[in-house]
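Reading through the structure tokens given below for one structure.
So that the names make sense, note that chain A is the first sequence line, chain B the second, and so on, each numbered from 1.
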Protein chains: 2
Amino acid sequence: MKTPAADIDPGILERFESFIKEKGLRRTGQRDVIVAAAFSTDSHFTAEDLWEMARKIDPSTSRATLYRTLSLLTESGLLQEIDLGRDQKYYDPNFVEHPNHNHLICLDCGTVIEFSDENMAVIEDCVTRRLGFSSVRKDIRIEARCEEFRTSGHCKRGKK
Amino acid sequence: MKTPAADIDPGILERFESFIKEKGLRRTGQRDVIVAAAFSTDSHFTAEDLWEMARKIDPSTSRATLYRTLSLLTESGLLQEIDLGRDQKYYDPNFVEHPNHNHLICLDCGTVIEFSDENMAVIEDCVTRRLGFSSVRKDIRIEARCEEFRTSGHCKRGKK
DNA sequence: GTTTCTGCAAAGGTTTTGCAACAAA
DNA sequence: TTTGTTGCAAAACCTTTGCAGAAAC
């Protein structure tokens with residue numbers, strides 16, 4: 001089996017393979033292509049984006065397999081579905097490296113900024129515990145206006 | 001024009017009407033039906049759910065009009081789209097009364113709990129400001145396990 | 001009377017599925 | 001050899017849109 005995943009984090013492939021094996025499934029060339037595509041970037045992407053990325057590695061990649069593999073990736077926790085407040089679902093490959101990050105979306109230029117904050121995490125945990133639960137996963141999206149844009153009419157990140 | 005919205009919060013109809021008028025649009029019987037349906041409950045609902053609720057008031061309600069009115073309601077801020085981590089979009093009619101609430105989803109029984117926390121809101125605002133933004137809107141979803149369920153194998157809210 | 005709104009049916013876009021050929025173990 | 005996987009095309013879903021008749025103002 002060819003491994004088009006040559007230059008992605010070996011830890012990811014390893015985690016993917018052990019997840020796959022645990023479920024009694026098989027590691028295939030096609031799945032490797034899709035995993036490689038998903039982790040070839042640190043940008044957020046849609047299913048369609050990922051399909052295009054995968055097809056650059058292997059043009060025969062079908063949408064069906066893409067969606068099937070996407071499910072495996074989210075189920076394994078390697079990829080996380082995030083809500084950017086847009087019409088489509090987006091997937092975030094950065095949770096492996098930054099397990100607790102959140103998203104801020106700039107309403108002026110559309111940029112998505114990832115951030116983590118220890119205090120925030122602690123309070124969320126307190127509140128959750130006070131309600132009688134223990135937190136498993138969270139998805140926090142803040143939509144905000146850029147101060148720079150407000151004062152000067154533009155911001156360094158450019159426009160939407 | 002009949003007003004099937006007889007017993008819903010008059011403040012909501014008022015806000016809806018002024019939003020409508022400001023846009024140069026018209027208040028219609030059909031829109032009133034859909035607004036009445038949306039605010040006849042404090043549960044979260046999908047577009048399909050809302051269609052069914054509206055059809056109980058007026059069986060001729062079409063999906064097309066439902067979707068068109070749903071856009072107006074979210075645009076006006078009366079209804080908010082929320083991400084419950086499920087496959088469909090959900091709409092929350094409770095932001096009029098509780099403008100800053102968040103959602104906790106119980107992974108054991110599926111219940112959605114609304115909560116607000118002042119400390120949480122303050123920290124979020126600090127973090128946002130530190131990044132150079134001013135917060136406009138946020139959507140926070142916490143998925144968690146119920147302590148009661150963990151210790152006793154069931155919880156008072158019943159099961160999924 | 002003019003402009004917007006409505007329901008219908010058709011179209012659009014995204015995701016899933018049945019199936020026969022193919023590949024992994 | 002057995003069982004899981006793939007691509008294709010079709011189906012399933014959810015949402016939007018063009019249009020002609022109806023309703024608001």
If we ignore hydrogens and angles and just use 3.5 Å, is the side chain of [X] paired with the main-chain N or O of [Y] as donor and acceptor?
| X | Y | answer |
| --- | --- | --- |
| Thr41(A) | Ala37(A) | no |
| Asp83(A) | Asp83(B) | no |
| Thr65(B) | Thr61(B) | no |

query = How many angstroms lie between CD in Gln80(B) and CZ in Arg137(B), if you round to the nearest 0.5 Å?
reply =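 Result: 6.5 Å between the selected atoms.
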
request  = Under the ring pair (Phe, Tyr, Trp, His ring centres under 6.0 Å) rule, collect the residues that match up with His103(B), sequence neighbours excluded.
outcome  =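 Residues passing ring pair (Phe, Tyr, Trp, His ring centres under 6.0 Å) with His103(B): His44(B), His101(B).
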
key: SB check Asp108(B) Arg150(B) (cutoff 4.0 Å)   =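 Between Arg150(B) and Asp108(B) there is no salt bridge, as every charged N stays at least 4.0 Å from the carboxylate O atoms.
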
inquiry  = Looking at Arg63(A) and Glu48(A), is any side-chain nitrogen of the basic one under 4.0 Å from a carboxylate oxygen of the acidic one?
reply    =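 Yes, this pair counts.
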
query = Taking only N and O in the side chain of Gln30(B), is any of them less than 4.0 Å away from OP1 or OP2 of dG7(C)?
reply =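 Yes, because at least one side-chain N or O of Gln30(B) sits under 4.0 Å from OP1 or OP2 of dG7(C).
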
task = Kindly write out the residues that satisfy salt bridge (charged side-chain N to carboxylate O under 4.0 Å, His left out) with Arg68(B), not counting sequence neighbours, or none if the list is empty.
result =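 Testing Arg68(B) for salt bridge (charged side-chain N to carboxylate O under 4.0 Å, His left out), a comparison that skips the adjacent residues, returns none.
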
key: Given DNA chain D, 5'-ward residue of the pair Arg26(B) and Ala47(B), judged by closest heavy atom   =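 This one resolves to Ala47(B).
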
task = Residues of residues 59-70 of chain A with any non-hydrogen atom less than 4.0 angstrom from an atom of DNA chain D: list those, numerically ordered, please.
result =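 Nucleic-acid contacts, sorted: Ser60(A), Thr61(A), Ser62(A), Ala64(A), Thr65(A), Arg68(A).
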
Starting from [atom2] on [N], measure out to [atom1] on [X] and report it in whole angstrom.
| X | N | atom1 | atom2 | answer |
| --- | --- | --- | --- | --- |
| Ile20(B) | dC5(C) | CD1 | C1' | 11 Å |
| Leu25(A) | dA23(C) | CG | P | 19 Å |
| Arg31(A) | dA23(C) | CZ | P | 15 Å |
| Lys23(B) | dT3(C) | NZ | C1' | 16 Å |
| Leu50(A) | dT14(C) | CG | C1' | 14 Å |
| Phe16(A) | dT5(D) | CZ | C1' | 12 Å |
| Lys21(B) | dT4(C) | NZ | P | 14 Å |
| Trp51(B) | dC8(C) | CH2 | P | 9 Å |

ask   = Between Glu124(A) and Ser135(A), does any side-chain donor sit less than 3.5 Å from a side-chain acceptor?
value =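 No donor-acceptor contact under 3.5 Å links the two side chains.
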
query = At what angle, to 10 degrees, do the two end axes of the helix from dG1(C)-dC25(D) to dA25(C)-dT1(D) meet, given five pairs define each axis?
reply =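 One end axis against the other gives 40°.
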
task = With sequence neighbours excluded, give me every ring-ring contact (aromatic ring centres under 6.0 Å, His included) pair touching residues 113-153 of chain A.
result =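 The answer is none; no pair qualifies.
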
ask   = In residues 76-92 of chain A, which ones come under 4.0 Å of DNA chain C, going by heavy atoms?
value =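 Heavy-atom contacts with DNA chain C come from Gln88(A).
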
ask   = Do other residues, nucleotides or ligands put more than 12 heavy atoms under 6.0 Å from Lys56(B) NZ?
value =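 Not more than 12 within 6.0 Å, no.
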
